[in-house]
Q: 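My structure is below; once you've seen it, I'll send some questions.
Just so it is clear: chains get the letters A, B, ... in the order the sequence lines come, proteins before strands, and each one is counted from 1.
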Amino acid sequence: MNTLKNLILTAALSGMIAGPGLAYAQAAPDQTDPAQIARGAKAWADQCGRCHNVRAPAEFNDEDWYVAVAHMRVRGNIPGDVIRDIQAFLMASNKKK
Amino acid sequence: MGGTVLQLIRPGKGNSMMGLKPNRIFLSTLTFIALAFFLSINSVRAQEPTNQELLDRIETLEQELQYFRESLATNTARSEQAEERAEAAEIKAEAAARTAENAVNTASAVAPLPDTKWHLAGYADAGAMFRTNGGDDTFAFGHFNPVFLFQYKDIVMFEGELEFEIDEDGNTEVALEYAQLDFFLHDNITLVVGKFLSPIGQFKERLHPTWINKIGYAPAGFGHDGVQPGGDVGIMVRGGVPVGKRSMFTYSLMVGNGPRMGHEGNISFEGFGKDDNQNKAFGGRIGFLPVPYLELGFSFLKGKIDGLHGEEEGDAHPESISLDSFEFEPSTATVKLWGADAAYTRGPWDFRFEYLKSVRDPIYSFDEEEGEVALLPEMTLTAWYVQLAYRLSEIGNSSFLHKFEPVVRYGKFNISGNHHLEEANAQTRLNIGLNYWIAPSLVARIGYERRKFLEEGLVEKIILLQAAYGF
C-alpha cells in the first residue's frame, strides 16, 4: 500500500507534469533585441537582489552568464522567460569597451 | 535756361515787340551772362574743400579700408576654422556610425554557444575566532565549496556542490552538499531529481553561502542539528508563476526519503541516500512576492522516522536488545514541520525573518544516556531569527563609505522533550556585524556574537573576523 502511495506521489510530481512540459519549446535569449535587453536590465536588478548583491555584467563571459543565470532559475524560482531576458541583458552588456 | 536766353536774343517777331535795338540787347545779354558766369565761378570756388580736408578724408578712407581688410581677413580665418571643424565633426560622426555598426554586427555575429555549456561557481571563506570563555582563539579555514554546473541546451542542467572543510586535527572532510538534475520542462516548471538542498525556509537553500550570509554563520537552529532541514534525496517540482506585472507566486514541492533518527534522540534532515521506511516525506515551500523586493513564504514537511533501525552511523544498538520486539511500540513516529519567512530587500535595506517549528511524536528508540531502548517523549524544536542589514550606499558621497554594511541579527532556538539537546543547543543568539564589500561577491567582515544558553544561563561571546568570496 505504501509502495503504491509512493508511486502515485512520484507520478504526480514528475510524469504528469513532465508530459505536457516536454512539448514546450523555449526561445533563446536575443542579445540584439533592445526590448528584451531593457526588460532584462530591470529583471536583473529586481531578481538578483532578492538574495545577494547584484553582480556586474563584466564579471563573466557569455557562456558563464548563460549557465549561472540558468542556475538561478532553479534556485530563485524565476520564470524561464525572465531568465532569458536577464541572459540577453548580461550577454549584451559584458563586452569590454 | 540756355535755350531760353537764345530765344531772347534772337531777332524775331516776339522781340521786336519790346521796342529795343538788337545790338544793345545783345551787349546787355553778354554782360549779364559774363556777370552770371563770374558769380557762379566764385560760388563754386567757395564750396570746394581745402587740401587739408581732402587729406583728412583720404586718411579716413584709408583707415576704413584697413578696417575692412582686417575684417575680411578675420572672417576668412573664422570661415576656414569652421570648415575644419565641420570636417572633423563629419569624420567623428562617420567613426561613431562605424562603431555602432560594428557593435551591432559584433552582437549579431556572436558565435552561438555550444549545446553543452558549463560554469564553475562556488565560494570560499577563511577567518579567525576569538572567544571569551571556553575554547581557544583560533584561525579558521571555513569552507571551500566549488559548484559544478553543466547545461545541455535549455533542456537539462546538472548542479553539484562539494564542501571541503578541515577539522580541528587538520584532516580534510568532504561532503556532497547537493547533486541534482534540473529538467526545464516549462518556463514555470522545473523538475529536480537527485540530492537537493531543502526548499524549507529561506536560509539553507538561498542564504547560507558565506558571501551571501550577512553574518557569516548560521542563525541558531538553522545549521547542523537544527530545525531547518539540510537537504533530501528525491524529486521536486518548482518554479515561479507571474501574477500581473510585478507580482509572482513561487512553489517548491518535494517528495524525498525524509528525516531519520539522529544522535541523542534528535531528528536528522541531512538528505539520506536510502530511506529507513516505506513512508516518504512530503514538503515544500509556497512563496508570494507582491512586488519584487518583498517576499513572503510558508513551508511545511511531513514524514516518518524509524526509532529502531534508521539511526545515523555510529549509533549501533547493543546486540543484546531485540529491536523487533513488539514491546517497543511505537517504533515509528511522525515528524511535522512548518514555518514562515519574509524578506524585504529594497535598495540598501535587507530585512529577513524566518520561523520554523518541528514536532516529533513519542517513539521508542535507543537512549544513549540510559544505554537502552526507551520511550522518548514528544520533542519540539522551534527556531526563529530576525535580521536587518543596511548598506551605506546612499549616505554621503564617499565611495569608501558606500561599501560598508552594518548588520544585526537576533534569534532563538528552543527545544523541549530532549533534555540533552536542550542543554547543548537551546539558546538565544545576538549578532552585530560590519561588512565591507570590496566587490559585490567579495566581503571582509567583523562580527560580535553573544550566545546565551537557556538551560544553564551560560553566556559565550565571540569575535569573528572573516573574508568570504563568491565566484
Q: Is there side-chain contact between B:F203 and B:Q387, with heavy atoms separated by less than 4.5 Å?
A: no
Q: Heavy-atom distances under 4.5 Å only: say whether B:F471 touches chain A with side chain, backbone, both or neither.
A: backbone
Q: Can you confirm if the aromatic rings of B:Y344 and B:Y293 lie within a centre distance of less than 6.0 Å?
A: yes
Q: Output the option from B:Q151, B:R238, B:E295 having the highest count of non-hydrogen pairs under 4.5 Å with chain A.
A: B:R238
Q: Donor-acceptor pair, distance only, cut-off 3.5 Å: does the side chain of B:E161 make one with the backbone of B:V147?
A: no
Q: Is there side-chain contact between A:N94 and A:D62, with heavy atoms separated by less than 4.5 Å?
A: yes
Q: Less than 4.5 Å to any heavy atom of chain A: does that hold for the side chain of B:V193, its backbone, both, or neither?
A: neither
Q: With no hydrogens and no angle check, is any side-chain donor or acceptor of A:K95 less than 3.5 Å from a backbone partner on A:M91?
A: yes
Q: Measuring heavy-atom distances to chain A, does B:F158 have an atom under 4.5 Å in its side chain, in its backbone, in both, or in neither?
A: neither
Q: For B:K117, is the NZ atom crowded, meaning more than 12 foreign heavy atoms sit under 6.0 Å from it?
A: yes
Q: Go through A:F60 and A:W65 one step at a time and tell me if the ring pair (Phe, Tyr, Trp, His ring centres under 6.0 Å) criterion holds.
A: CA-CA 6 Å; A:F60 297 125; A:W65 269 130; 4.9 Å; yes
Q: Please state whether the side chain, the backbone, both or neither of B:T116 comes within less than 4.5 Å of a heavy atom of chain A.
A: backbone
Q: What heavy-atom pair brings A:C51 and B:L207 nearest, and what distance separates the two atoms?
A: O-CD2, 4.0 Å
Q: Less than 4.5 Å to any heavy atom of chain A: does that hold for the side chain of B:E159, its backbone, both, or neither?
A: side chain
Q: Taking the side chain as every heavy atom from C-beta outward, state whether B:S198 and B:D232 have any atom pair closer than 4.5 Å.
A: no
Q: Of the backbone (N, CA, C, O) and the side chain (C-beta and beyond), which part of B:W118 lies under 4.5 Å from a heavy atom of chain A, both, or neither?
A: both
Q: Ignoring hydrogens and angles, tell me if any N or O in the side chain of A:R50 forms a donor-acceptor pair with the backbone of A:G76 under 3.5 Å.
A: yes
Q: Give me the one residue out of B:K204, B:R285, B:R206, B:R352 that meets salt bridge (charged side-chain N to carboxylate O under 4.0 Å, His left out) with B:D341.
A: B:R285
Q: Give, as side chain, backbone, both or neither, the part of B:R346 having an atom under 4.5 angstrom from any heavy atom of chain A.
A: neither
Q: For chain A, which candidate among B:N188, B:V291, B:T190, B:D182 shows the most heavy-atom pairs at distances under 4.5 Å?
A: B:D182
Q: Is any residue of residues 243-251 of chain B within less than 4.5 Å of chain A by heavy atoms, and which ones?
A: B:R246, B:M248, B:T250, B:Y251
Q: Under a 4.5 Å cut-off applied to non-hydrogen side-chain atoms, are A:N77 and B:S252 in contact?
A: yes
Q: If you count heavy-atom pairs under 4.5 Å between each of A:V67, A:D46, A:V54 and chain B, which one has the most?
A: A:V67
Q: For B:Q180, is it the side chain, the backbone, both, or neither that has a heavy atom closer than 4.5 Å to a heavy atom of chain A?
A: side chain
Q: For the CG atom of B:D115 and the CD1 atom of B:I155, what is their distance to the nearest 0.5 Å?
A: 8.5 Å
Q: Select one option (side chain, backbone, both, neither) describing which atoms of B:L197 are under 4.5 Å from chain A's heavy atoms.
A: side chain
Q: Heavy-atom cut-off 4.5 Å, strictly under: side chain, backbone, both or neither for A:V82 against chain B?
A: neither
Q: What residue in A:A43, A:G49, A:A70, A:A68 has the most heavy-atom pairs under 4.5 Å with chain B?
A: A:A70
